[in-house]
Amino acid sequence: MIGATAIALGVLATVLFASWLVRRFRGGRSGEQRESWDRHREAQERDPPVEIGDVRTVAIEEFTTHHSGERQAVCKVEGFVVFVEDLPGGLAETDVIRAKILSFNRGHTSATATFVDRD
């Protein structure tokens, strides 16, 4: 009796583990999560289109709050995300600004820049 119970529990555990593995590696993510992961992986494989010290003209796509509490503009250069800090008041989404690239994140998948002026 104990042997049959142990076998049944072993089979159940194996099925649950196999099911988890299949979902994990074959698309257990939603379509939106999968697209985000694919974009992240592609960003890691390409060189950034900006260099530290570059001053670029960019449009503000949206605003976000940095974990420090500072408001930042989210901009893109050839699809590459640039977070612009030290923003003056009165800016809105779609405004065009100039920003100086200061640094990259650890994976070089985004950059931090500082506001230079309005374009």
Side-chain angles (χ1 to χ4, degrees):
M1 182 71 168
I2 292 176
T5 302
I7 290 172
L9 287 175
V11 168
L12 178 62
T14 301
V15 168
L16 290 174
F17 182 71
S19 172
W20 175 80
L21 278 177
V22 167
R23 277 182 302 181
R24 176 80 171 111
F25 294 107
R26 294 187 76 204
R29 296 181 176 106
S30 72
E32 188 174 300
Q33 289 172 321
R34 191 171 21 261
E35 287 175 24
S36 176
W37 176 252
D38 289 343
R39 284 192 306 271
H40 178 73
R41 201 176 32 209
E42 288 169 7
Q44 289 178 316
E45 294 171 357
R46 72 176 184 154
D47 291 331
V50 296
E51 297 288 332
I52 293 177
D54 284 357
V55 175
R56 293 295 188 103
T57 301
V58 293
I60 299 173
E61 293 197 9
E62 64 181 312
F63 292 96
T64 187
T65 303
H66 188 264
H67 60 81
S68 65
E70 182 182 9
R71 181 176 177 233
Q72 294 183 331
V74 178
C75 305
K76 291 188 179 177
V77 175
E78 297 175 29
F80 183 79
V81 176
V82 177
F83 295 98
V84 182
E85 53 192 24
D86 302 324
L87 300 170
L91 291 175
E93 290 179 5
T94 71
D95 282 354
V96 177
I97 61 173
R98 291 176 33 86
K100 182 177 182 179
I101 307 299
L102 300 176
S103 64
F104 295 106
N105 72 345
R106 186 173 296 143
H108 284 75
T109 56
S110 67
T112 301
T114 188
F115 175 84
V116 174
D117 60 21
R118 294 179 189 222
D119 198 47

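- In plain terms, the two heavy atoms of D86 and E70 that are nearest each other are N-OE2, 3.1 Å.
- F83 and F80 fall into different hydrophobic clusters, where Ile, Leu, Val, Met, Phe, Trp and Tyr side chains are chained together by heavy-atom contacts under 4.5 Å.
- Contact detail for E93 and F63: the closest heavy-atom pair is N-CE1, 3.6 Å.
- Here the closest non-hydrogen pair linking Q72 and L87 is C-CD1, 3.7 Å.
- A 4.5 Å side-chain heavy-atom check between T57 and V96 finds at least one atom pair inside the cut-off.
- Heavy-atom neighbours of E45 CD from other residues, nucleotides or ligands within 6.0 Å: above the threshold of 12.
- Atom NZ of K100 sits about 10.5 Å away from atom CD1 of I52, to the nearest 0.5 Å.
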- Item | Test log, rule side-chain contact (heavy atoms from CB on, under 4.5 Å), inputs V82 and I101 | CA-CA 8 Å; V82 177; I101 307 299; 3.9 Å; yes
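- Looking only at side-chain heavy atoms (C-beta outward), S110 and F104 stay at 4.5 Å or farther from each other.
- Put simply, CZ on R118 and CG on L91 are 4.5 Å apart, with the number rounded to the nearest 0.5 Å.
- With V58 as the partner, the side chain to side chain contact (heavy atoms under 4.5 Å, CB included) test is satisfied by one option alone out of D95, V77, V74: V77.
- No more than 12 heavy-atom neighbours from other residues, nucleotides or ligands sit within 6.0 angstrom of CG on D47.
- At least one side-chain heavy atom of E85 sits less than 4.5 Å from a side-chain heavy atom of L102.
- In this structure, CD on E62 lies 9.5 Å from SG on C75, to the nearest 0.5 angstrom.
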